[in-house]
Each structure stands twice: as C-alpha cells, then as structure tokens.
Amino acid sequence: MSNPYIEKAEEVILHTYNRYPVVFDRGEGVHLYDVDGREYLDFAAGIAVQSLGYNNQEYTQALKDQIDKLTHISNLYYTAPMMEAAEKVVKASGMSRVFFTNSGTEAIEGALKAARKYAYEKYGEERYEIIAMNHSFHGRSIGALSVTGNEKYQIPFRPLVPGIRFAEYNDLESVKAQITEKTCAVILETVQGEGGVYPATEAFLKGVKALCEERDMLLILDEIQCGMGRTGYMFAWQEYGVEPDIMTCAKAIGCGVPVGAFVLGEKAAKGSLKPGDHGTTYGGNPFVCAAVSKVFDLYEKEHILENVRTVGAYLTEQLDALVEKYDFLKERRGKGMIQGLEVTGRPVAEIVERALANGLVLITAGSSVLRFVPPLVITKEDVDCMVEKLERSFTASA
Ligand SMILES: *Cc1c(COP(=O)(O)O)cnc(C)c1O
C-alpha cells in the first residue's frame, strides 16, 4: 500500500469495501489500464455493467452530444431521450410500461411498492406479504435488503420491512409452503448472481408463475445482473417463456451511467402506481436515457446476443474443461456470459488476487465461487487468454 492514491483514498472514503490494490485509469474494448499503464483483461465488466466494453465510440459520442444539449430537467416534463429509451425497453421485453430509476436497488424498491399497491387496490391493506428467496441479492437499501436472503447483510439493520417470507430457490414446494392469504408477490432473480450463480430451473420458474397466476400474486423477476443479453437472451426469462408481472433492470442497461428501471406488464401497469405514488428527481433524466437508448441500438448493430450465444458456448466448454482438469473446481454453473466456478478447499479470494497480479480482472460470488461476467463483446481469443491467465493464477502469483 505504498501507492499515494490508495493511501489518500483510505483517508477520505468510508471503508465499506475491501478494495483490491489497483488504481484504474481508463478502458479500451475488453481491457483496463491502471495509472501505471499496466493492461488487464476484464472478465468482471464493473460487475456485469460494461456489456459493450470500454470506450465504445458511438456510445461515448451519444453521451457527449447529450451533455451539450441537456443533462437533467426533472420528471415534471417530457424529453425525447426518455421516450426513446422507454420505447426500446418496451419493445425488447414485450411488456407495457417503464419507470426509470438511478440504480438497481431503487428498481427493486419501485417493484416492491408497485406489487403492494396492486394488492392494496384490489384486496385491501391486509395483503402485503412478499415471498423472497434464500441466497438472493436485491440491494442494500432497507427495502431491497429486506428481500435479500442473506443474514450477514441483514442482521445489523433489523428491524427490516415486515411481511417478507423466505423460500428456497429452485424448490417449488418451499414457495408453496410460504404462501398465505396475505401474499401479494414473489420476487426472485432469474439467475441468482451474487448468491453463487444459480440459474432457475425451468420447472421452478414455470411452477412459480403458475402459482402466481392461480392466486393473483405478482411475479417480480430481478434481471439486474442476468438481463440485458447476458444469458444470450435480451432478458433471461425469455428463454423460459415465463413473463414476469414486473421486471427490474439496471447494471448493463446503461453500460456505465447510473440508471435502472422497473418494467411492468399490463396488469401491474394498470392496477398499481398512480400519480403521486412514486417519484425520483434524477431518475430517467435525458443524459442517462440517451445512454440507454444508444445501448439498445448498439446491441442490435453489434449483434450482441449472437456473440453471447457463440462465445458464451465456448466459454462454457472451456470452463467445463477446467472443472475436469482441477480437483478443487467442483462445478461450473451459469448461462452464456454469467458463469461461476465453485471452488473447494482453497480460498477464492486468493485466486482473484493472483489473477489481478497476472493481469486478469475477476470477481467472486458468495464465499466460494469465481464469477465470470465479462463484457458481452469478448471473442474466443479473449476466452483463451483468460483461461491461460487463470490457470497461471491457480499455481503461482506473478
Ligand atoms: C447489483 C444487483 C442489485 C443492486 O443493484 P445496484 O445498482 O447495486 O443498486 C440488485 N439485484 C441484483 C440481482 C444485482 O445483481
């Protein structure tokens, strides 16, 4: 820790993160560069954010143009970027209405409020319970934390929002067991990210959807990490053919500007939040919406979904080969370009630190999983390069 930037940062920034000892300066494509000019291959993408890679010229130009016109104006008025961004979200999802937020956490807050409002309008104030999953992650605000099934994050902040019941992910019976006459919604990630990279099974997702329809509970799918093309589908639920009543987005929807959204199907859009029920000052301002709008255009122009399917399949193969080769790699889980390797018998943090020293940016998920959420523009050569650096990180530091 002799680096002066790091020493200064530790004097002024609240210590809520144990940061890696690197100071990043700029990015280009799938590579990052630190202040000393060292190059890193990035398989973390700012935690599943930088889908288009770094310094995409068309993207940055769109932001520069919007800065020169108007960055913020408030939700009391209309702007063209917001209209365009919302139209593209609606078209890509086939859903009905969008509310833009500043983060994923706020998208979760909005989704929970919309679900409770729907039930309140239709059934009165007794129907407020929400079923969430163990090992889930939905964010750090009191509301989002209340549906995050991780005691470590929750305990110091209790009491949390009342009326939340937890079930086991991919266990339909455990969801059934938590349903009462007060249940208004079920919230889950289509692919659990933070909790260790667990995709929903088809039977589970379809089963939960059927329960929700039967009892008029709203299905909230958190697509903040697994959405925006990461599984090879624009939204992970599209592969299952299970449309949520409400979906949450963030991370890659802005590819580097702070924006999220909750998106409502027709039933939830018509029957929940009304003027005065919800708001945000910055949410969906023309600056971030110019980014969202351009992101959707570039996904099409650069054939992002096709790339995730072909290179994602190759990544899957290569990771499976590593599991075959190394005893301490227990299994691979995931889809497309959201993948995890379960590590046993040795600390994952140590592998991630060595990888960084070898010029590879990786992150963990849970306490024992190496997580791979690269920019969606990576090539097979990038995968080969990653595997080479990773294998070196298994044995020695740089
Ligand atoms: C990152 C994440 C969130 C929280 O989003 P923020 O933008 O950090 O507030 C919520 N849900 C999932 C699945 C996430 O991966």
Side-chain angles (χ1 to χ4, degrees), residues 14 16-17 19 43-51 99-115 130 132-150 152-154 157 160-161 164 166 169-170 185-200 205 219-231 233-237 244 246-263 280 282-284 288 291-292 295 333-340 363-366 369 371-374 376:
L14 187 68
T16 56
Y17 281 90
R19 292 181 160 84
F43 264 62
I47 315 190
V49 168
Q50 299 280 7
S51 290
F99 183 104
F100 288 110
T101 66
N102 306 288
S103 68
T105 298
E106 286 171 71
I108 296 291
E109 294 290 329
L112 298 177
K113 280 181 72 177
I130 294 166
M133 301 299 138
N134 288 323
H135 310 295
S136 60
F137 182 83
H138 299 293
R140 303 291 202 149
S141 65
I142 293 288
L145 187 57
S146 299
V147 290
T148 288
N150 184 328
K152 194 182 87 184
Y153 293 160
Q154 285 193 339
F157 306 102
L160 296 171
V161 174
I164 313 294
F166 285 93
Y169 193 73
N170 279 340
V186 180
I187 181 167
L188 59 102
E189 295 152 88
T190 318
V191 178
Q192 283 193 335
E194 216 54 48
V197 190
Y198 290 92
L205 203 54
L219 176 61
I220 304 170
L221 291 182
D222 182 346
E223 291 261 339
I224 289 168
Q225 187 162 163
C226 62
M228 290 306 292
R230 196 153 281 285
T231 63
Y233 291 78
M234 198 55 161
F235 301 106
W237 56 261
I246 305 173
M247 144 171 96
T248 56
C249 302
K251 293 200 164 93
I253 199 172
C255 282
V257 299
V259 56
F262 60 99
V263 187
T280 161
Y282 266 130
V288 299
V292 172
V295 165
R333 293 188 294 266
K335 286 173 179 285
M337 292 192 192
I338 175 167
Q339 298 281 351
I363 48 176
T364 58
V369 177
R371 182 168 24 158
F372 303 82
V373 283
L376 304 183

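Order of listing sets the numbers, starting from 1, for every ligand and every atom in it.
Residue K251 places a heavy atom under 4.0 Å from ligand 1.
Remark: ligand 1 and F137 share an N or O pair separated by less than 3.5 Å (distance only, no angle test). Below 3.5 Å of separation, one finds an N or O of G104 facing an N or O of ligand 1.
The shortest side-chain heavy-atom distance between V288 and N102 does not fall under the 4.5 Å cut-off. Between Q225 and E189 there is no side-chain heavy-atom pair separated by less than 4.5 Å. Using a 4.5 Å cut-off on side-chain heavy atoms (C-beta onward), R230 and S51 make contact. Taking the side chain as every heavy atom from C-beta outward, H138 and T248 never approach each other to under 4.5 Å.
In this structure, the protein non-hydrogen atom closest to atom 11 (N) of ligand 1 is D222 OD2, 2.7 Å.
The aromatic rings of F43 and F372 sit perpendicular, their planes meeting at an angle over 60°, well past the 30° parallel limit.
For ligand 1 and Q225, the ligand atoms under 4.0 Å from any heavy atom of the residue are 15 (O). Every atom of ligand 1 with a heavy atom of E189 under 4.0 Å away is listed here by number and element: 13 (C).
Both the backbone and the side chain of T105 come within contact range of ligand 1, each with a heavy atom under 4.0 Å.
Atoms CG and CD, on D222 and E194 in that order, are 11.0 Å from each other to the nearest 0.5 Å.
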